[in-house]
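Here the structure is laid out as structure tokens; the discussion comes afterwards.
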Amino acid sequence: MITGKYPSLRLRRNRKQSWSRRLIQENTLSPNDFILPIFLIDGSNKKESINSMPGVYRYTINRLSQIVDRAIKKEIPMVALFPKTKNSLKNEIGSESLNENNLVCKAIIEIKKKYKNQIGIMCDVALDPYTSHGHDGLIKSNQIINDETIEVLINQSLLQAEMGCDVLAPSDMMDGRIGKIRQALDKSNRQNVQILSYAAKYASSFYGPFRDAVGSKGSLKGDKKTYQMDFRNSNEAIREVALDIKEGADMVMVKPGMPYLDIIKSIKEKFKIPVFAYQVSGEYSLISNAIQKKIINEDAVYESLVAFKRAGANAIVSYYADRIDKIIK
Ligand code: PBG
């Protein structure tokens, strides 16, 4: 719908002054749009930097309140917990995922005790931080086996829910796990636990720094292409989301973020449900390193985040979330 044309129509007129540009803005950011990932390590009194992710740290449980306080002060609605499990606790079947004293369980209890419902807690449901081979599922004759993996994921979900996790986020990409987890939650009287499905999760090179952060980088044998999606596909993402909604997902995630804005947009348009985007570790590192080297300026962060909103994302998981006040300014 175009009314009028040059020279009577000049789109630059609206851009002439800052006040006018502010009036015609279509998208903005607020702290409510963010989820902050937090990396956990065992031990005490440690805040450990991560080589590949400048500005991001791993926290021991007794230091956790430092970062959670910060998230609450900046009015971030939810944190996402990711453990760096000691190698000595990893095995073929990821049994540490079911230990009620594992890092994630301890962190949930700590946060709920101190902050009640001031902030939401989201936990990954997947085995990769706990398996010696670094895969998200169990392996039998060189295959990631689907249905047997789901049995473990159900127990991991029930355990996290019992500890007080608000939002379970299965990130494993096994078929059928959302329905099975929903059923198990409902059966055990946990109807109110939300499920955020990593519904469209691609096998991506952009996860590199994260695997470094959780210590699965060295151990990962092969790749995740038999369960995570092929980045050449978009129709398949629609099918994944449709199934997860049918199975009971409350919200869906698209991951990685910036190279997949088309996917966010089409899912939002088609399903009208809450769609979250994950600005993953590789995206964070690329932008942060380029800023550090003065290749691009700091405004690139804001630009990258608004792009998600423009595409239709409701919220963004971002390692920048704890600094969002400065970024929005
Ligand atoms: C594990 C998981 C991954 C990420 C979140 N959960 C990595 C993977 O699938 O290998 C990646 C997050 C990031 O790169 O920031 N299931």
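When a ligand or atom number is given, it counts from 1 through the structure's own listing order.
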Heteroatom distance test (Tyr198, ligand 1): nitrogen or oxygen, under 3.5 angstrom: no
Any Gln279 heavy atom less than 4.0 Å to ligand 1: no
Proximal atoms of ligand 1 relative to Tyr278 (non-hydrogen, under 4.0 Å): 12 (C), 15 (O)
Subset of ligand 1 atoms that lie under 4.0 Å from at least one heavy atom of Lys255: 2 (C), 3 (C), 4 (C), 5 (C), 6 (N), 11 (C), 12 (C)
Short N-O contact, Asp186 and Arg182, less than 4.0 angstrom: yes
Ligand 1-proximal atoms of Asp172, by part, heavy-atom distance under 4.0 Å: neither
Side chain to side chain, Lys114 and Val68, heavy atoms closer than 4.5 Å: no
Ion pair check, Lys73 and Asp322, cut-off under 4.0 Å: no
Nearest protein heavy atom with distance in Å, relative to atom 6 (N) of ligand 1: Asp124 OD2, 3.0 Å
Val280 contact mode with ligand 1 (heavy-atom cut-off under 4.0 Å): both
Six-ring centre of Tyr227, Lys224 cation under 6.0 angstrom, axis tolerance 45°: no
Heavy-atom nearest neighbour of atom 16 (N) of ligand 1 within options Gly134, Gly208, Ser171: Ser171
Lys/Arg N to Asp/Glu carboxylate O, Lys106 vs Glu110, below 4.0 Å: no
Proximal ligand 1 atoms for Tyr319, defined as those under 4.0 Å from one of its heavy atoms: 12 (C), 13 (C), 15 (O)
N/O donor-acceptor pair under 3.5 Å between Ser20 side chain and Lys16 backbone: no
Basic-acidic side-chain contact under 4.0 Å: Asp230, Lys225: no
Those atoms of ligand 1 less than 4.0 Å from some heavy atom in Lys224: 8 (C), 9 (O), 10 (O)
Atom 1 (C) of ligand 1 - nearest protein heavy atom and its distance: Asp128 OD2, 2.9 Å
Test item, Tyr284 contacting ligand 1 (heavy atom, 4.0 angstrom): no
Option of least heavy-atom distance to atom 9 (O) of ligand 1 (set: Lys201, Glu283, Met253): Lys201
For Arg211, atoms of ligand 1 separated by under 4.0 Å from a heavy atom: 8 (C), 10 (O)
Sub-4.0 Å atoms of ligand 1 with respect to non-hydrogen atoms of Ala126: 16 (N)
Basic-acidic side-chain contact under 4.0 Å: Lys217, Asp212: no
Ring geometry between Tyr284 and Tyr319 (parallel below 30°, tilted from 30 to 60°, perpendicular above 60°): perpendicular
Which residue and heavy atom of the protein sit nearest atom 14 (O) of ligand 1, plus the separation: Ser281 OG, 2.7 Å
Cation-pi, Tyr59 ring and Lys47 (6.0 angstrom, 45 degrees): no
